[in-house]
Amino acid sequence: MTRNPFASKVALITGGASGIGAAIAREIVRQGGEVVLADRQLDLAEALASELRAKGGRATAAELDVRSLTAFEKLAKETASRTGRIDYLFNNAGIGVGGEMDNYRPRDWDDVIDVNLRGVAYGVQAVYPLMIAQKSGHIVNTASMAGLVAAAGEGSYTATKHAVVGLSKALRIEGARHGVRVSVLCPGAIRTPILSGGKFGRMNFVGLTEAQILGMWADARPMDVDEFAHKALKAIAKGEFIIVLPRWWKALWYAERLSPHLGLAIWGRILGRMRKQLEKFGARQEWSDEN
Ligand SMILES: NC(=O)c1ccc[n+]([C@@H]2O[C@H](COP(=O)([O-])OP(=O)(O)OC[C@H]3O[C@@H](n4cnc5c(N)ncnc54)[C@H](O)[C@@H]3O)[C@@H](O)[C@H]2O)c1
């Protein structure tokens, strides 16, 4: 393995304007690779791309809504014809809806399924054929610990992230014969805007400040996003499949595999704690048009 495995590689990163996607982009460019930051938040993507170019890196921004297969295919074709190849696809864009399912409206399912599952599927549809044609490539899907364990209090998110882990397992096996590698990132808690809802997600809570929401994450000890990106890219370069970071979250995954009942009990306690904290703050779970 070379010291900078991403040198001269081309990476298309969805959700590349913020959080994990942006940190992965910074690290790839630092290693001499080229990034395409594909995001609904074009302004943020452009700001990051020009910051990276100012430092001598190769980066472009592109407006992309991963819910549109046509738009995804167009961007994939444009990128491949401009750069000659796409070495990495980071299917990373994602949103969350916080709160229990008894408060859901249909859009709490639809919005999350459309971005977190359909968006990943469309990424595969758009880029996998190009990778098959070039006989190489690496698809990295961002799932979550919520894709491995019974993360309660975010049902649609948990459902889609389990689906992304399943999709990744099947694609890892199928892709091998085409020289296409597949990895799935399963972050625990990482310090990014999604923790308090993010730009396109929401929390079905009323009466909670952003500081209180972030305070509720304290027990999960969120990891710095640049540290996450550095460690994730090291694991990806080694071809690891299910990448759990921070590493200590693996204990929760092992507990679930050892005994699904134990996993349910652990997450039952975590949910109980969340309910108590909401009570303490005088907040409640409620669906609101303003969310
Ligand atoms: N931060 C965490 O603790 C954590 C934990 C587990 C998994 N994840 C996953 O990591 C991924 C990145 O999230 P993040 O933490 O960086 O949050 P973030 O909110 O900072 O970034 C998400 C990005 O996705 C973009 N996006 C949302 N909908 C889109 C769409 N339809 N089309 C294109 N772009 C869209 C947003 O504009 C944003 O730039 C997500 O899939 C998330 O579920 C995050």
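Order of listing sets the numbers, starting from 1, for every ligand and every atom in it. Quick caveat: nothing in here was measured; it's all calculated off a predicted structure.
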Sidechain N-carboxylate O distance under 4.0 Å for [X], [Y]:
| X | Y | result |
| --- | --- | --- |
| K77 | E73 | no |
| E51 | K55 | yes |
| D219 | R221 | no |
| E34 | R82 | yes |

Are Y104 and W287 close enough that their ring centers fall under 6.0 Å?
-> no
Check each protein residue for a heavy atom under 4.0 Å from ligand 1 and list those that pass, ordered by chain and number.
-> G15, S18, G19, I20, D39, R40, Q41, L64, D65, V66, R67, N92, A93, G94, I95, V115, T142, A143, S144, Y157, K161, P187, G188, A189, I190, T192, P193, I194, L195, F200
Between L37 and T60, is any pair of side-chain heavy atoms under 4.5 Å apart?
-> no
